[in-house]
Trainee: 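Following this message is one structure expressed as structure tokens.
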Amino acid sequence: QVTLVESGGGLVQAGDSLLLTCVFSGDTWRLAHMGWVRQVPGQEREFLADFRRDRRTTYYEDVVKGRFTISWDNDRTTLYLQMNSLKPEDTGVYYCTGRQDSTSWPNYDYWGQGTQVTVSS
């Protein structure tokens with residue numbers, strides 16, 4: 001089992017930056033990919049960014065490309081999402097996620113509890 005604990009959400013103004021942190025614990029060796037997902041009430045989940053552990057490569061959806069950066073500290077088993085140039089439409093609950101190699105994107109096996117990000121105009 002893998003446990004994910006997020007932190008770093010909050011209320012910011014448009015144009016500000018925010019860093020989300022997610023600490024993984026348990027059987028983290030199972031994880032091949034880690035990612036961030038956003039949920040806005042009444043809308044479908046948005047899969048924002050993915051980190052491939054063995055190659056240390058990243059993937060971003062167009063909606064955040066160039067503004068958000070995903071990174072992984074393997075020693076600390078911690079996932080980060082640096083969010084710059086935030087917009088009001090970035091408002092939502094952000095979840096960190098993890099998946100095993102046998103699970104195909106955009107499905108994830110493990111989820112954090114979510115952290116609220118609110119961007120005011």
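Throughout, residue positions are numbered sequentially from 1 according to the sequence presented. Note that the structure is predicted; figures quoted are calculated from it, not measured. Keep in mind that the numbers below use all heavy atoms, side chains included, and drop hydrogens, waters and symmetry copies.
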Trainee: Please examine the side chains of V117 and L20, heavy atoms only from C-beta on, and report whether any two atoms are closer than 4.5 Å.
Mentor: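 The answer is yes; the side chains approach within 4.5 Å.
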Trainee: Could you state the interatomic distance from OG1 (T77) to CG (L4), rounded to the nearest 0.5 Å?
Mentor: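 Interatomic distance, T77 OG1 to L4 CG, rounded to 0.5 Å: 9.5 Å.
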Trainee: So does V2 get a backbone contact from the side chain of D27, meaning a donor-acceptor N/O pair under 3.5 Å?
Mentor: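 No; judged by distance alone, with no hydrogens or angles, the pair does not exist.
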Trainee: For atom CG of D16, is the number of surrounding heavy atoms from other residues, nucleotides or ligands below 6.0 Å larger than 12?
Mentor: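 Counting neighbours around CG of D16, more than 12 heavy atoms of other residues, nucleotides or ligands fall under 6.0 Å, so yes.
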Trainee: Salt-bridged, K87 to D90, with N to O below 4.0 Å?
Mentor: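 The answer is no: the pair does not qualify as a salt bridge.
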Trainee: Let me check something: do V23 and Y94 share a hydrophobic cluster, defined by ILVMFWY side-chain heavy atoms less than 4.5 Å apart, either directly or through other members?
Mentor: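 Each belongs to a different hydrophobic cluster.
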Trainee: Quick one: OG on S7 to CD on Q113, what's the gap to the nearest 0.5 Å?
Mentor: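 Going from OG on S7 over to CD on Q113, the span is 8.5 Å.
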Trainee: Find the distance between CH2 (W29) and CZ (R53) and round it off to the nearest 0.5 Å.
Mentor: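 That separation rounds to 10.5 Å.
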Trainee: Is there side-chain contact between L81 and L19, with at least one heavy-atom pair below 4.5 Å?
Mentor: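 L81 vs L19: side chains apart.
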Trainee: Using 0.5 Å steps for rounding, measure from the NE2 atom of H33 to the CG atom of L79.
Mentor: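 H33 atom NE2 to L79 atom CG measures 13.0 Å (nearest 0.5 Å).
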Trainee: Inspect the surroundings of CZ in R55 and state if more than 12 heavy atoms from other residues, nucleotides or ligands are less than 6.0 Å away.
Mentor: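 No.
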Trainee: Closer than 3.5 angstrom, by distance alone: can the side chain of T91 be matched with the main-chain N or O of P88 as a donor-acceptor pair?
Mentor: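 Looks like yes, one N/O pair under 3.5 Å.
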Trainee: I'd like to know if the side chain of T118 pairs up with that of Q116 as donor and acceptor (distance under 3.5 Å, no hydrogens or angles considered).
Mentor: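 Short answer, yes.
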Trainee: Under a 4.5 Å cut-off applied to non-hydrogen side-chain atoms, are L31 and Y110 in contact?
Mentor: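 They are in side-chain contact.
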Trainee: Establish whether Y60 and Y80 are linked, either directly or via other cluster members, by ILVMFWY side-chain heavy-atom contacts under 4.5 Å.
Mentor: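 No, no single cluster joins them.
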Trainee: Supply the members, apart from W105, of the Ile/Leu/Val/Met/Phe/Trp/Tyr cluster built from side-chain contacts under 4.5 Å; use none for a lone residue.
Mentor: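 Once heavy-atom contacts under 4.5 Å are chained together, W105 belongs with V37, F47, Y59, V93, Y95, Y108, W111.
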Trainee: Looking only at heavy atoms, which two atoms of R45 and Q39 are closest? And how far apart?
Mentor: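 Smallest interatomic distance, heavy atoms only, reads CG-OE1, 2.8 Å.
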Trainee: Testing the basics here: between F24 and G98, what is the closest heavy-atom pair and its distance to 0.1 Å?
Mentor: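 Of all heavy-atom pairs spanning F24 and G98, the closest is CE2-CA, 4.3 Å.
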Trainee: Using a strict 4.0 Å threshold on nitrogen-to-oxygen distance, state whether D54 and R52 make a salt bridge.
Mentor: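 Counted as a salt bridge, because a side-chain N and a carboxylate O are separated by less than 4.0 Å.
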Trainee: Does any non-hydrogen side-chain atom of S71 lie less than 4.5 Å from one of Q82?
Mentor: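 Result no, sub-4.5 Å side-chain heavy-atom pair not found.
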Trainee: Between the main-chain N or O of T103 and the side-chain N or O of R99, is there a donor-acceptor pair closer than 3.5 Å?
Mentor: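 Yes.
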Trainee: Show the numbers, then the answer: is there a side-chain hydrogen bond (donor to acceptor under 3.5 Å, both in side chains) between D73 and T78?
Mentor: CA-CA 5 Å; D73 185 328; T78 300; over 6 Å; no
Trainee: I want to check something: taking the side chain as every heavy atom from C-beta on, are L86 and L18 in contact at a cut-off of under 4.5 Å?
Mentor: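 L86 vs L18: side chains touch.
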Trainee: Using 0.5 Å steps for rounding, measure from the CZ atom of R76 to the OG1 atom of T28.
Mentor: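 R76 atom CZ to T28 atom OG1 measures 14.5 Å (nearest 0.5 Å).
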Trainee: Taking the side chain from T97 and the backbone from M34, do they hold a donor-acceptor pair closer than 3.5 Å?
Mentor: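 No.
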Trainee: Who clusters with L11? Use side-chain heavy atoms, under 4.5 angstrom, across I, L, V, M, F, W and Y, and order the result by chain and number.
Mentor: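 Reading the cluster by chain and number, L11 sits alone, since nothing else belongs.
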Trainee: Keeping E6 on the side-chain end and T115 on the backbone end, is there a donor-acceptor pair under 3.5 Å?
Mentor: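 Here the side-chain-to-backbone pair exists.
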Trainee: Taking the side chain from R67 and the backbone from V63, do they hold a donor-acceptor pair closer than 3.5 Å?
Mentor: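 Yes.
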Trainee: Pairing donors with acceptors under 3.5 angstrom, does anything connect the side chains of N74 and R56?
Mentor: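 Per modelled atom types, N74 and R56 side chains form no pair under 3.5 Å.
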